[in-house]
Student: 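Can you read through this structure? Questions will come right after.
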Amino acid sequence: MATRILVVDDDPSVRQMLTEYLSAHGYKVAQAASGEAMRAELERGVPAVVLLDVGLPGEDGLTLARYLRERHDVGIIMVTGQGDVVDRVAGLEVGADDYIAKPFDPRELRARLKSVLRRLEKKESAKPHGRVSIGSCFLDLKARTLSDAGGKEIPITSMEFDLLKALVEHPNQVLSRDQLLSLTRNREWEPFDRSIDIRITRLRRKVEDDPARPRVIKTVRGAGYMYIPSK
C-alpha cells in the first residue's frame, strides 16, 4: 500500500503542488487547510507523516504538532518561514522530526520525507514482538495472553492487554492517561477519570511481586505511568 502523507497548509497552491508532486512519486496524499480539517482527516486514517505549516491561522502548527505528538505515533515535518529559527527550534522541542523552510525545492522535501520514514521504520522494527518479559510474567503479543513464569495463563481482559502492550512498546517513557487512551484506541474514555488507574492497579496485582511497591509499572506523579523493563 502507498505510504499516506497528510499536508496541512492554509495555502491551496502549496497543498496542490505537494499533492501532485508526492502523488507522482508513489505517495497517497491527503490535504487539510486548518486544525479542524486535520482532525477530520485523522478520523479517516492516521498518516505515516504530517507536513505541517507553522504559520496556520487560528491553531498554529506548533499547537497542532503538540496535539499530534500526544495522540499519534506519526512523523512530523514542520514547514517554516525562511528566517524563523525560533519556530524551527520550537517545532523540534514539541516533537517534530524535521523541518524545512519556505520556499523549498520539492526534491529536498522528498529527501527529508524519506529520511523521516526510514527513522520511523527503524523505530517500528525495534518494538518488541512475540513473547515479552514483564515483571515475573510473560506477555505474548501475538496470542494476546499473559502467563506466569511456569507458563500458566493469567486471566486478562482485552483492555488490560492493550494497556500492557502500550507500556512495553514504550519502555522507560512516561505515558500520560491521555496517551494511553490514544495508544489503546479508547478515546471514548475521559483522560482524567479513574478507568486507567483502576486497570493499572489490577495489572500490578498480576505482574508485580509486591503490588504495593510497584517496580515494573511505576507511577510518575502528576504525569502518568512508566514501564521499567527487567535488567
Side-chain angles (χ1 to χ4, degrees), residues 1-129 166 169-175 179 182-183:
M1 294 179 64
T3 301
R4 190 168 188 267
I5 308 298
L6 176 58
V7 177
V8 185
D9 197 301
D10 63 318
D11 187 333
S13 64
V14 172
R15 295 199 307 273
Q16 190 60 30
M17 179 272 290
L18 288 175
T19 298
E20 292 176 0
Y21 179 79
L22 294 175
S23 296
H25 286 86
Y27 296 98
K28 182 179 180 181
V29 185
Q31 301 182 27
S34 65
E36 182 179 358
M38 183 192 79
R39 292 185 180 89
E41 286 296 334
L42 291 172
E43 288 295 322
R44 297 185 184 97
V46 178
V49 177
V50 179
L51 304 178
L52 185 56
D53 183 26
V54 171
L56 291 169
E59 288 181 289
D60 63 23
L62 297 176
T63 301
L64 294 177
R66 189 176 296 108
Y67 173 90
L68 285 167
R69 186 52 69 227
E70 288 175 350
R71 291 164 175 79
H72 301 288
D73 193 12
V74 299
I76 302 173
I77 299 178
M78 306 298 298
V79 181
T80 72
Q82 184 65 43
D84 294 337
V85 176
V86 173
D87 282 343
R88 298 178 203 177
V89 173
L92 295 173
E93 286 179 343
V94 298
D97 297 281
D98 203 350
Y99 66 84
I100 190 168
K102 292 181 179 180
F104 54 81
D105 186 321
R107 293 172 297 180
E108 180 188 355
L109 174 64
R110 187 161 69 97
R112 290 180 180 272
L113 176 59
K114 290 168 69 175
S115 178
V116 169
L117 286 169
R118 283 195 297 269
R119 292 201 297 270
L120 290 174
E121 185 177 353
K122 184 176 180 180
K123 179 181 176 182
E124 182 65 27
S125 66
K127 286 183 177 180
H129 298 279
E169 287 183 344
H170 298 80
N172 301 308
Q173 178 181 336
V174 179
L175 297 176
Q179 286 175 302
S182 294
L183 290 168

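Residue numbers count from 1 along this sequence.
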Student: Quick check against the 3.5 Å criterion: does Arg112 have a side-chain atom that pairs as donor or acceptor with the backbone of Tyr99?
Tutor: yes

Student: Provide the closest heavy-atom pair for Ala96 versus Met78 in the form atom of the first, atom of the second, distance.
Tutor: CB-CG, 3.4 Å

Student: Taking ring-ring contact (aromatic ring centres under 6.0 Å, His included) as the test, write out the residues that go with Tyr21, two or more places apart.
Tutor: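 Residues passing ring-ring contact (aromatic ring centres under 6.0 Å, His included) with Tyr21: His25.
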
Student: Could you grab the distance from atom CD1 of Ile100 to atom CG of Asp105, nearest 0.5 Å is fine?
Tutor: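 Going from CD1 on Ile100 over to CG on Asp105, the span is 8.0 Å.
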
Student: Side-chain contact, heavy-atom cut-off 4.5 Å: Val74 with Leu42?
Tutor: no

Student: What's the shortest heavy-atom distance between Leu117 and Ala48, and which atoms?
Tutor: CD2-CB, 3.9 Å

Student: Please round to the nearest 0.5 Å and tell me the distance separating atom CZ of Phe104 and atom CG of Leu18.
Tutor: 4.5 Å

Student: Which atom pair, heavy atoms only, marks the closest approach of Ala65 to Ile76?
Tutor: O-CD1, 3.8 Å

Student: Between Arg44 and Arg39 (side chain of the first, backbone of the second, donor and acceptor by atom type, cut-off under 3.5 Å), is there such a pair?
Tutor: no

Student: Give me the atom names and distance for the closest heavy-atom approach of Val46 to His72.
Tutor: CG2-ND1, 3.7 Å

Student: Go through the structure and list residues passing salt bridge (Lys or Arg N to Asp or Glu O under 4.0 Å) with Arg4, not counting sequence neighbours.
Tutor: Glu41

Student: What's the shortest heavy-atom distance between Arg69 and Gly95, and which atoms?
Tutor: NH2-O, 2.9 Å

Student: Which pair of heavy atoms, one from Ala33 and one from Ala37, lies closest together, and at what distance?
Tutor: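 Smallest interatomic distance, heavy atoms only, reads N-CB, 3.9 Å.
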
Student: Any donor-acceptor pair under 3.5 Å linking the side chain of Arg119 with the backbone of Asp97?
Tutor: yes

Student: What verdict does the side chain to side chain contact (heavy atoms under 4.5 Å, CB included) test give for Glu59 and Tyr67, after you've listed the backbone C-alpha separation in whole Å, the side-chain angles of each residue and the deciding distance to 0.1 Å?
Tutor: CA-CA 10 Å; Glu59 288 181 289; Tyr67 173 90; over 6 Å; no

Student: Of Leu51, Leu56, Leu68, Val79, which is the lone residue that meets side-chain contact (heavy atoms from CB on, under 4.5 Å) with Val8?
Tutor: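 Single pass found, and it is Leu56.
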
Student: Quick check: do Asp11 and Asp53 have side-chain heavy atoms less than 4.5 Å from each other?
Tutor: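 Side chain of Asp11 against side chain of Asp53, heavy atoms only: no contact under 4.5 Å found.
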
Student: Are the side chains of Ser115 and Asp98 in contact, using a 4.5 Å heavy-atom criterion?
Tutor: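 Sidechains of Ser115 and Asp98: no contact.
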
Student: Using the side-chain hydrogen bond (donor to acceptor under 3.5 Å, both in side chains) definition, which of the options Gln31, Gln16, Lys102 pairs with Asp9?
Tutor: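 Only match with Asp9 under side-chain hydrogen bond (donor to acceptor under 3.5 Å, both in side chains): Lys102.
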
